[in-house]
Each structure stands twice: as C-alpha cells, then as structure tokens.
There are 2 protein chains.
Amino acid sequence: MSHTLGIRQAQKQKTRQALLEAALGLLEEQSLSSLGLREVTRAVGVAPTAFYRHFRSTADLGVALVEEALGSLHAMIRTTVTAADTGDERIARAVQLIAGHVAAYPAHVRFIARERHGGVQPVREAIRDQLVRFAEEVRDELAKDAVSEGWSDADLLMLAHLYVDQMLVTASLFLESLDAPQEEQERIRQVATRQLRLIGIGRRHWLD
Amino acid sequence: MSHTLGIRQAQKQKTRQALLEAALGLLEEQSLSSLGLREVTRAVGVAPTAFYRHFRSTADLGVALVEEALGSLHAMIRTTVTAADTGDERIARAVQLIAGHVAAYPAHVRFIARERHGGVQPVREAIRDQLVRFAEEVRDELAKDAVSEGWSDADLLMLAHLYVDQMLVTASLFLESLDAPQEEQERIRQVATRQLRLIGIGRRHWLD
DNA sequence: AATTCCAGAGAACAGTTGTTAACTGGGTGT
DNA sequence: ACACCCAGTTAACAACTGTTCTCTGGAATT
C-alpha cells in the first residue's frame with residue numbers, strides 16, 4: 001500500500017511543499033486574498049506556470065495550507081483541553097503549552113487566526129469545518145471527565161467551542177507578543193490562565 | 001466653535017465618506033491588504049488621483065474605517081455587557097442585541113472581525129487599541145456591580161476582555177449565518193446565551 | 001472685483017498581475 | 001529500446017496597479 005513513489009512524484013511533492021512554505025512565509029505581512037501566484041513562484045524559484053501543476057489558484061493553495069496549519073494545532077488543542085479541566089497548576093501548564101506552540105509554529109498560528117475571518121470564502125469554510133471537528137473532539141474529551149456527569153451533549157459542545165475559541169484568542173495574543181518584552185508575555189500568560197480558571201469554575205457550578 | 005464649514009469642505013467630506021463606504025462594500029469579499037486604490041475610486045466614480053486628497057494609502061483608509069466601524073460597535077458592547085451580568089432573560093436580551101447589530105451593520109462587523117488579525121499592521125494596532133479601551137469601559141461597568149465586591153482591578157479587566165472577545169466571536173458567527181436558515185441563527189443564539197451564562201456563573205463563584 | 005486656494009480631472013509612467021499556448025527533457029511503463 | 005507521460009520552462013497577451021505631473025474651475029479670501 002505505502003507504495004514507494006517514484007523520483008518523479010517525489011520531486012513534485014517537494015516543489016509543492018516549497019510552494020506551501022513560501023506562501024506561509026509571504027503571508028506574514030499580508031492576507032491570502034492579496035497573495036499573488038507569481039509572488040509565490042518567484043520566492044520558490046520556479047516559473048509562474050509551474051504553479052498550475054499543483055494548485056488551481058491561490059485560494060486552492062490556501063485550503064491546502066489549512067490542513068497543514070491545523071494539523072499542527074490539532075495536537076496542541078487536545079492536550080491543552082484535557083489538561084485544563086482540573087487543578088490550577090494544570091491550567092498553567094496548558095497555557096504554557098499554547099505559548100510553546102506559538103513560538104514553534106508562528107506562521108501556522110498566524111495563518112489560522114488571519115484567514116479564519118479572511119477574505120477567501122473556501123478557506124474560511126475549511127477552517128470552520130476543521131474547528132468544528134476540533135470542538136467535537138474536545139467535547140468527547142470533556143465527556144470523560146467526572147465533572148461532566150448530567151451534562152447534555154449540546155452543552156458539552158457549547159463548552160468545547162468556548163474552550164477552542166479562547167485558545168485561539170490566547171494563541172493570537174502570544175503571537176503578537178513574540179518580539180515584545182518577556183514581561184508582556186508573562187502578563188498574557190497570567191490573564192489567559194485566569195480566564196481559563198473562571199471558565200472552569202463556571203463549568204463546575206453549571207448544574208446548580 | 002461649531003463653525004458651519006463651507007460648501008467646499010462639505011463636498012470634500014462627502015467624497016471622503018463615499019470612499020469609506022465604497023471600500024467597506026468592496027471588503028465584503030476580500031481583505032484590506034488586497035484592496036486597490038483605483039478599485040475604490042472606480043466604485044465611487046472619481047478619478048484615482050482624488051484618493052490622495054483624503055488618504056495617504058489604503059492602509060490609511062483602513063485606519064479611518066476602524067473609527068467608523070468601532071464607533072457603532074461601541075454602543076452595542078456597552079449595553080450588551082451591562083445587561084449580561086444578571087438574570088438569564090437579560091442575557092438573552094443582550095444576545096439578541098448583538099444579533100440585531102450584526103443585521104444592521106454587517107459590513108462594520110465583518111471589517112473588524114477580518115482586519116483584527118489581518119495583514120495590515122497599522123489597522124491591526126488601531127483595532128487592538130480600541131478594543132483595549134472598550135475592555136476598560138466594560139471593566140468600569142462591571143465594577144459598579146454588587147458581584148464585583150472584593151475583585152481586584154486586574155481580574156475585572158481580565159473578565160472584561162473575556163466578555164469582549166466572546167462578543168466578537170458571537171457577532172462573527174451571526175454574520176456568517178446572515179443568509180442561512182433562521183433555525184441556524186436560533187442555534188447560534190442559544191449557544192451564545194449559554195456561554196455567557198456559564199461565564200456569569202464562573203464570575204459569581206470566582207471568590208470561593 | 002481681483003486673487004489665491006485646492007478638490008478633483010486627465011494623461012502618462014513603469015511595473016505588476018493571471019492565464020494561454022507551445023515546447024523541453026528526463027522519468028516511466030511496455 | 002521504445003514511445004509515452006508530465007513537471008517545469010519560455011514567451012507573449014491584455015489588463016491592471018500605484019504614483020507623478022500638469023491642468024482646471026469654482027469656492028474662499030482679500
């Protein structure tokens with residue numbers, strides 16, 4: 001099944017990956033809707049027309065980037081939430097996890113935060129769909145918890161979305177503070193921690 | 001003081017306003033970083049060079065749009081939060097208020113949601129600054145409440161930011177559902193209501 | 001009534017864009 | 001060894017972009 005793909009398809013995927021990474025880099029200081037096809041190929045060092053061998057348009061490339069970027073966020077969100085339900089020190093650890101991920105993959109986080117509400121419809125939809133799936137996973141994780149006894153499925157999902165959104169907001173704040181004084185990052189860390197704690201408290205008293 | 005500005009400056013402000021509104025319309029299906037100067041003037045019906053009489057660049061126009069768009073959000077956020085602290089039916093009313101505002105000024109909401117993390121730095125900063133000021137107002141409003149006794153100023157501000165962010169998330173969801181079946185809007189309304197309720201519960205038990 | 005001012009028009013600039021077409025040359029299956 | 005395939009190239013296209021300079025006509029000032 002895992003057929004060793006020939007040196008031809010290998011080279012193609014290599015170029016494709018180069019296009020994706022070049023685009024991600026160029027998107028640091030602009031949005032996808034202003035990203036030019038030629039701009040990307042120029043950054044990679046291939047002819048403009050080579051672009052069409054991989055993507056129909058830059059919007060198409062954007063959809064591909066969603067998979068790439070959210071694939072890395074996937075692990076973060078899961079581990080974050082599963083750790084965030086209980087004690088305070090575990091919440092703090094979860095926030096630290098977010099900060100670490102932002103520092104490791106800033107371009108991914110930036111892309112998702114920017115294009116989630118961006119000007120390219122197919123990309124918005126792709127991100128929305130993926131985030132819904134994330135929220136469902138988080139809900140399943142929350143359901144395993146003892147605190148979730150007596151909760152309806154819908155309410156667990158609404159809490160899951162609250163967590164996911166809060167995580168993205170926090171990630172975006174960390175991103176903007178990447179080259180700011182460390183005391184600023186510390187401040188963000190503390191606020192995010194307390195916001196998660198407050199949500200956790202609301203969760204524990206939901207069924208009163 | 002309120003000098004009746006001559007028919008000259010009046011005409012200028014009229015054109016300026018036309019440029020702003022045309023831009024807001026064009027931004028329905030793209031981001032600011034891809035908005036062209038000529039595109040805007042063409043929509044208004046003036047020469048491209050007339051643009052420079054009002055704005056240095058499209059980024060400059062974007063900053064001006066922030067004032068315009070957040071001016072209308074201003075009232076909404078305040079009334080929403082001041083109503084959201086207590087009983088359930090008041091929370092529901094607050095959510096309905098958000099939905100109404102989104103229906104009344106969809107372009108404003110879209111612009112803020114899109115450009116908050118968009119590709120134009122000065123605009124991002126302008127939005128961030130305004131949202132900080134909003135959060136401070138919300139904090140002052142929260143402080144007046146009986147539930148806030150014993151709260152530190154920092155904690156009130158962190159709750160205020162939580163409310164503001166939650167409001168923007170909800171507004172963006174309503175926006176995307178503008179031409180969706182009404183049952184979808186109803187679903188969003190219900191989830192948002194419960195999320196605000198959960199935050200409110202967390203707030204009441206914060207000092208345990 | 002004469003003069004200054006200035007929002008907007010007009011024309012032209014070099015540079016960019018997406019897309020089409022025909023071509024090249026090395027990997028691939030027979 | 002052969003013929004096919006196809007990722008990437010080259011060249012050219014009309015259309016578009018931001019920006020500069022010069023000009024105009026009516027409002028504003030004196």
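In what follows, chains are A, B, ... by sequence order, proteins preceding strands, each numbered from 1.
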Stepwise side chain to side chain contact (heavy atoms under 4.5 Å, CB included) check, R124(B) with R114(A): CA-CA 11 Å; R124(B) 281 202 309 270; R114(A) 183 160 297 171; 3.1 Å; yes
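- Looking only at side-chain heavy atoms (C-beta outward), V123(B) and R116(B) stay at 4.5 Å or farther from each other.
- Classified by interplanar angle (parallel below 30°, tilted 30° to 60°, perpendicular above 60°), the ring pair H108(A)/Y105(A) is parallel.
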Full working for side-chain hydrogen bond (donor to acceptor under 3.5 Å, both in side chains) between E39(A) and Q30(A): CA-CA 12 Å; E39(A) 203 177 345; Q30(A) 64 181 314; 2.7 Å; yes
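- Residues I201(B) and W206(B) have side chains not in contact (no heavy-atom distance under 4.5 Å, counting atoms from C-beta outward).
- Between the P atom of dA7(C) and the NZ atom of K12(B) lies a distance of 4 Å, rounded to the nearest Å.
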Worked verdict on R187(A) versus E184(A) for salt bridge (charged side-chain N to carboxylate O under 4.0 Å, His left out): CA-CA 5 Å; R187(A) 203 185 57 79; E184(A) 170 70 2; 3.4 Å; yes
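- Put simply, CD on Q17(B) is 13 Å from P on dG8(C), counting in whole angstrom units.
- When DNA chain D is scanned 5' to 3' for any atom under 4.0 Å from a heavy atom of chain B, the first and last hits are dT17(D) to dA28(D).
- A donor-acceptor contact shorter than 3.5 Å is absent between the side chain of T193(B) and the backbone of A92(B).
- K14(B) has its NZ atom 15 Å from the C1' atom of dG8(C), to the nearest Å.
- Listed in residue order, the members of residues 44-66 of chain A having a heavy atom less than 4.0 Å from DNA chain D are V46(A), A47(A), T49(A), A50(A), R53(A), H54(A).
- For E39(A) and dG15(C), the CD to P distance is 17 Å, given to the nearest whole Å.
- Looking at heavy-atom distances under 4.0 Å, R16(A) makes no contact with the nucleic acid at all.
- If you measure from atom CD of Q13(B) to atom P of dG8(C), you get 11 Å, rounded to the nearest angstrom.
- Checked by atom type and distance alone, the side chain of R139(B) never pairs as donor or acceptor with a backbone atom of L156(B) at under 3.5 Å.
- With hydrogens and angles left out, the side-chain atoms of Q17(B) and E68(B) include a donor and acceptor closer than 3.5 Å.
- The CG-P distance, from L37(B) to dT16(C), rounds to 18 Å in whole Å.
- Dashed line: the shortest gap from a side-chain N or O of R38(A) to OP1 or OP2 of dG15(C) is not under 4.0 Å.
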